[in-house]
Amino acid sequence: MSNELEQVAQRKAKLAELVALGVPPYPVRFDRAETISAVAAAHGDTTGDVLEADQPQTRVAGRIMSIRSFGKANFLVLSDGLSRLQVYVRADSMPALDFEIFKRLDFGDHVGVSGRVFRTRTNELTIWAASITFLAKCLLPLPEKWHGLTDVEARYRQRYLDLIVNVEARKVFETRARVVAGIRRFMNGRGFLEVETPMMQPLAGGALARPFVTHHNTLDMELYLRVAPELYLKRLTVGGFEKVYEINRNFRNEGISTQHNPEFTMLEFYEAYVDYHHLMTMTEEMLAEVARDATGGLECAFNGHVISFAAPFRRLSLRHAAAEAAAERLGRPVTELDMRDREAAAAVARALGFEVKGAHGAGKIATTVFEGLWEDRLVQPTFVFDFPTEVSPLSKQKPDDPDTVERFELYAGGFEVANGFSELNDPVEQRRRFEGQLKDRAAGDAEAHQMDEDYLRALEYGLPPTGGEGIGIDRLVMLLTGSPSIRDVILFPLMRPISDSRS
RNA sequence: GGGCCCGUAGCUCAACUGGCAGAGCAGCAGACUCUUAAUCUGUUGGUUGGAGGUUCGAUUCCUCCCGGGCUCACCA
């Protein structure tokens, strides 16, 4: 695109003509009396007769979404992003200069209009323009008004264009904002304190994931973008904040897919003196309330299914469900006990076609079997509970069963939405778990947890019995907006830059 | 990273088995006093993502590269 587009040159020429007429090309402000949405709302039900009697005056601003000319009668459609309103333009109703401005307007320009509100013969709510103020030029031609912008790559790369021409795109992000606001309302209403913990951490802890690495110049030190806020939030619980939460970004240097973006938003919260049973109930209540706030109901259409957030959610014990599904698939008995035995579980997993590595214990294998057989079948919200200790280095063991922790994951739409557990608060056991992770790390597992001495020290001061949970906001919004890709619910998803051999 | 698919005008899309690269919208010029995907007449706009190759001839076939989508693997 080295040669300037003809249409861009034409639009620049029109702008130059306005300047020649003495019109400021980029004025600093426009005092509108009300928004277009407000006009539409105020007069949405007013009849033309009433409007003729009242002659309501208004002064609005917006982007031109279409221009239709009929010789002496002309129509503009203005948008304030939310609503659209028609403007009736004729030369004999406004100063000569204003009509000269009108003649040089393009689809996409910003204008201010004042005039009276009336209804046309076709009953369309319209402003009869008494003046037009030029506010800003759209130099680049916008996508077509009828089909909009459908190229997904362009929609992600140039989200501003997507938002201008695709109303549904805007609605997704409005719903997202309502989801986040609804969660804050829910948490605040329960006495939780919203906090912000470091995103740049000397140790990337709190989740099993590969971090991004960065560098601080003055301190000359390596820093990691956080993979989770977990260990800092629990330090706060040690410090006496009994109910804390954080809604913010996590960063994981891993694959990109329809369900994974390198940066994603999590709600993470901790509450002293509760266990994972309490968290599951609270999650049911939260999601029902948030769904109702954001969408008006408990049900949402996703991927050809209707997902209901009505409580109670289904509950599945991980090893039990893994054994049951494996037995069904293999046509021979598989017991929960098999899922606890390294060799029996490995045999089952291999028979099912899953990879079993030498370092994998029974717990990791049982989890693999479960995820392989169940994950995409869990369309309705389902709590999967009682995870193997082996795959849960920060969770508390069940009192009568050291191989199992009090942990659950919530699945919906075929993917994981939340993860919560009774927090491990025994510093001796936590050190043992970290040491186990170090062995995995030494064996080549780049996602294994690192030793965090300061966190252990915090635990030594005494973390009360605590329940903690993380909820993936992007995925929740996917479900609530029926978006099949996480990129549809992230305003600016990460894209590879365009190189010279393109564009 | 593997597999499959896609990339043509500003946008949305055509172009049969390899035979002059087109339409609608947008734009430009004109007509039109209430239209709303306005209509009508005329018209501009292309290195077909990039670089090579095969061929008399490539949007079409082949190779490599760039970007994207779906999917598998990894992960949340």
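All chains are named by letter (A, B, ...) in the order of the sequence lines, taking the proteins before the strands, and each is independently numbered beginning at 1.
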So what does [X] touch, heavy atoms closer than 4.0 Å: a base, only the sugar-phosphate, or nothing?
X	result
A/Glu447	sugar-phosphate
A/Arg68	base
A/Met266	nothing
A/Tyr156	sugar-phosphate
A/Asp151	sugar-phosphate
A/Gly148	sugar-phosphate
A/Glu124	base
A/Arg210	nothing
A/Phe70	base
A/Asn253	nothing
A/Gln86	base
A/Arg11	nothing
A/Ser69	base
A/Leu140	nothing

Determine whether any donor atom in the side chain of A/Glu153 lies under 3.5 Å from an acceptor atom in the base of B/rG7, or the reverse, and answer yes or no. no
[X] atom [atom1], over 12 foreign heavy atoms within 6.0 Å:
X	atom1	result
A/Met451	CE	yes
A/Arg329	CZ	no
A/Glu196	CD	no

Taking atom [atom1] in both [N] and [M], what distance in whole Å separates the two?
N	M	atom1	answer
B/rC11	B/rU17	P	28 Å
B/rU59	B/rC72	P	37 Å
B/rG69	B/rG30	C1'	44 Å
B/rA38	B/rC20	C1'	36 Å
B/rG67	B/rG50	C1'	11 Å
B/rG53	B/rA58	P	12 Å
B/rU43	B/rC34	C1'	29 Å

Round to a whole Å and report the spacing from [atom1] of [X] to [atom2] of [N].
X	N	atom1	atom2	answer
A/Gln10	B/rA29	CD	C1'	11 Å
A/Glu375	B/rC72	CD	P	11 Å
A/Ile67	B/rA37	CD1	C1'	15 Å
A/Asp376	B/rU71	CG	P	11 Å

With nearest nucleotides of RNA chain B determined for A/Ile486 and A/Arg119 from heavy-atom distances, which residue corresponds to the more 5′ nucleotide? A/Arg119
Identify, between A/Thr150 and A/Arg121, the residue whose nearest nucleotide on RNA chain B lies closer to the 5' end. A/Thr150
Does the gap between the ring centers of A/Tyr88 and A/Phe75 come in under 6.0 Å? yes
Less than 4.0 Å between a side-chain N and a carboxylate O, is that true for A/Glu447 and A/Arg210? no
